[in-house]
Amino acid sequence: MRYVIIGGLAAGTSAAAKARRVNEKADIVLIERSNWISQATCGFPYFLCGEVRREDLQVMRAESFARRFKIDLKLNTEAISLDPSSKTVKVLNARGEYELEYDKLVIATGARPSTPEIEGKDLENVFTMRYIDDVLKVKEAMKEAEKVSIIGAGMIGLECAEAFLKAGMEVSIIEIFPEILPTFDEEMAYLVRRYLEEKGIEIYTSEKVFALEGKERVEKVITDKREIPSDLVLLATGVKPNVELVSPFVKLGVTGAIEVDEHMRTSVEDIYAAGDCVETVNLITKRKVYNPVATLANKQGRVAGANIAGRSLRFPGTIGTAIAKVFDLNIARTGLSEKEAREAGFDIVVSYLHPYSHATYYPHSERMSIKLIVEKNSERILGAQIVGKRGVDKRIDVLSTAIIAGMKAEDLFNLDLAYSPPFSSAKDPVNVAGAVVDNILKGEVQTITPKELAERLSKGDSPFLLDVRSEKEVKKGRIRGAINIPLDELDKRLGEIPRDREIICYCATGLRSYIACRKLVQKGFKDVKNLSGSWESWIYEEFIEK
């Protein structure tokens, strides 16, 4: 029995290793067109920062991998054609062309950079980063470069911005969408943008790059709004699946990647596929999605490898969990964004909160911003986004688990999570997030999001805005037109609040204003709402007065 696997990165090596563990007797051939296998692509920005070594970028040495798993490893060998009828793969290397027969085939050809059609992108010092050789070239170019432009503001682009800034370069980021981090909701991405701008990074959003100019080496970036001097350009505009080898034979899905079932089988018998060349299912919407990340590639490779060797494993799908570190800020998401949830037709409740990473009396406690998206009728968690300096990874993983388990907001509050002052608070941020949304769902408080309020203010609506922060806090700024009555004075000053108008309460983070809402409702006020996330979530500078 011969298993042939095309592609030696995460999915391919995972498939080969798992197939060997299941079947010790099989003949396993792994074809890789480069000189590397199992490279740590996600570690590239940290190599540029100097935090990891060049040798750390190769998770396993080719020789060690081949020896340990008894793999016939063919490096610098490219699969150039495929014939499913004869079960053969034609390959090309330094010795020429020849054919390999297979009984089972795994396509793990990954993805390649998806670069926009920009004039001048072939100039020197214009880079993409997909392979180790690419990042080595970028590292070398950084030695003489002074001004770098990053085209694309996804996670990889932002991680690389840190590396360039630490190297002493002037850094610009250009993004065609209205905000950085397009897979996040705009108000959460704004928090990251503000942080990066404070670090000295120039960020240009809603700008399209038309051309790169220079004699032989890039000298500037031309957008629809400006010229940006640049002697190094990184194209961080995403990837697309490598499917050319198999597209004449196997069925491609709606995303343009290979369509597979949960066993990683393609439409052609005895051909499986895994990793960045395949599409998968979003477990919440049940729609097909393309999500080229290392975590999925490793899981899918394991499933494909087991199944070609006779097992019956399955990969059900994804919810899009992701995290990145930019300087000392951590950004994470899981499940659906608000935009995605609404586009998918869900009736949702959105809430914001700003808890601390652990007990505030223990050193180094840091505030984080959490956005939670919950389906109104079922009360199940649909998505979450977190931005903060500490504790983000722990909470996003708990919330990811809760989504996959189908938990409701009330379940989050009741989770029995570990507590000790260095690690959490007696009520963990996840517990608090569940309680906040559960209060909304159970009708204990009505809420309005900052975006909803900003839209209403822009149309001329004039609800009574009640700021229950202290006078000292208000001096730093308030929402235009808001009346300040500190929470502790509220009971004595009820006469200053109209009973015939809608009242929207806010404080610093939403807790004191929630208490104010409860007080007012029990005092007979009829139309009272809490501004979710309150001042910490208010990003609309046109409605701020100081």
Side-chain angles (χ1 to χ4, degrees), residues 1-23 26 28-33 38 41 79 81-85 87-89 100 102-112 114 238-322 404:
M1 183 70 71
R2 172 179 281 181
Y3 310 141
V4 174
I5 300 165
I6 303 174
L9 299 184
T13 51
S14 294
K18 183 61 177 178
R20 174 58 71 216
R21 292 194 296 270
V22 174
N23 188 340
I28 302 177
V29 182
L30 179 60
I31 302 167
E32 169 54 44
R33 65 181 179 181
S38 196
T41 308
S81 65
L82 171 66
D83 186 354
S85 62
K87 287 193 170 184
T88 58
V89 178
L100 283 171
Y102 67 85
D103 294 293
K104 304 282 186 180
L105 177 68
V106 176
I107 305 299
T109 47
R112 65 180 185 275
S114 176
V239 298
K240 55 185 177 183
N242 270 326
V243 296
E244 286 73 19
L245 178 68
V246 297
S247 57
F249 311 104
V250 306
K251 183 179 179 181
L252 302 183
V254 294
T255 67
I258 300 170
E259 182 179 288
V260 292
D261 65 12
E262 62 182 7
H263 299 284
M264 309 314 296
R265 294 178 298 214
T266 72
S267 59
V268 178
E269 187 176 4
D270 294 328
I271 298 181
Y272 294 67
D276 292 357
C277 60
V278 307
E279 67 179 21
T280 187
V281 175
N282 183 289
L283 293 173
I284 303 170
T285 65
K286 307 305 179 184
R287 296 175 179 176
K288 294 295 180 71
V289 293
Y290 180 57
N291 192 9
V293 295
T295 51
L296 301 192
N298 278 283
K299 295 171 188 174
Q300 293 167 349
R302 177 178 182 269
V303 170
N307 292 342
I308 62 173
R311 292 279 301 277
S312 183
L313 298 188
R314 54 187 289 272
F315 177 77
T318 178
I319 59 171
T321 306
I404 291 176

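- Atoms CG and OG1, on L296 and T321 in that order, are 9.0 Å from each other to the nearest 0.5 Å.
- Under the side-chain contact (heavy atoms from CB on, under 4.5 Å) criterion, K251 pairs with E259, S267, not counting sequence neighbours.
- For the pair V278/Y272, no side-chain contact is recorded, criterion being any heavy-atom separation below 4.5 Å from C-beta on.
- Applying the side chain to side chain donor-acceptor pair (under 3.5 Å) rule to S312 yields no partners; only residues at least two apart in sequence or on another chain are considered.
- Minimum interatomic distance between V106 and A15 (heavy atoms only, all atoms of both residues): CG1-CB, 4.3 Å.
- Taking R314 as the reference, E262 meet the side chain to side chain donor-acceptor pair (under 3.5 Å) condition, with sequence neighbours excluded.
- A heavy-atom distance below 4.5 Å is not found between the side chains of D270 and D103.
- Pairing each heavy atom of A16 with each of I28, the nearest pair is O-CD1, 3.9 Å.
- A heavy-atom distance below 4.5 Å is found between the side chains of L252 and I258.
- Separation of atoms CD1 (I308) and CZ (R311) is listed at 13.0 Å; rounding is to 0.5 Å.
- A distance of 13.0 Å separates CZ of R2 from NZ of K87, quoted to the nearest 0.5 Å.
- At distances below 3.5 Å, at least one donor-acceptor pair connects side-chain atoms of Y290 with backbone N or O atoms of D276.
- Two residues are said to be in side-chain contact when any heavy atoms from C-beta on lie closer than 4.5 Å; V289 and T280 meet this criterion.
- When all heavy atoms are compared, the tightest approach of L283 to P316 is CD2-O, 3.5 Å.
- V89 has its side chain within reach of L105: a pair of non-hydrogen atoms, C-beta onward, lies under 4.5 Å apart.
- Screening I107, I6, V260 against C277 for a side chain to side chain contact (heavy atoms under 4.5 Å, CB included) leaves a single residue, I107.
- Remark: I404 engages I319, S400 in a side-chain contact (heavy atoms from CB on, under 4.5 Å) (not counting sequence neighbours).
- With hydrogens and angles left out, the side-chain atoms of N242 and R112 include a donor and acceptor closer than 3.5 Å.
- Heavy atoms from other residues, nucleotides or ligands lying under 6.0 Å from CD of E244 number more than 12.
- A donor-acceptor pair under 3.5 Å is formed between the side chain of E279 and the backbone N or O of T255.
- Panel note: side chain R20, backbone A26; a donor-acceptor pair is recorded below 3.5 Å.
- Atom CG of N307 is separated from atom NZ of K18 by 10.0 Å, given to the nearest 0.5 angstrom.
- Heavy-atom minimum distance, G256 versus P241: O-CG, 3.7 Å.
- N298 and S14 form a side-chain donor-acceptor contact under 3.5 Å, judged by distance and modelled atom types alone.
- Rounded to the nearest 0.5 Å, atoms CG (N282) and NZ (K286) are 8.5 Å apart.
- Residues satisfying the side-chain contact (heavy atoms from CB on, under 4.5 Å) criterion with A274, sequence neighbours excluded, are A11, M264, Q300, A304.
- With sequence neighbours excluded, the residues forming a side-chain contact (heavy atoms from CB on, under 4.5 Å) with P84 are L82, Y102, F249, V268, I271, listed by chain and number.
- The side-chain heavy atoms of Y3 and N23, taken from C-beta on, include a pair separated by under 4.5 Å.
- Checking each of V281, T295, N291, V293 against T318 for a side chain to side chain contact (heavy atoms under 4.5 Å, CB included) leaves exactly one that passes, namely N291.
- Scanning all heavy atoms of the two residues, the minimum distance from L30 to G12 falls at CD1-O, 4.2 Å.
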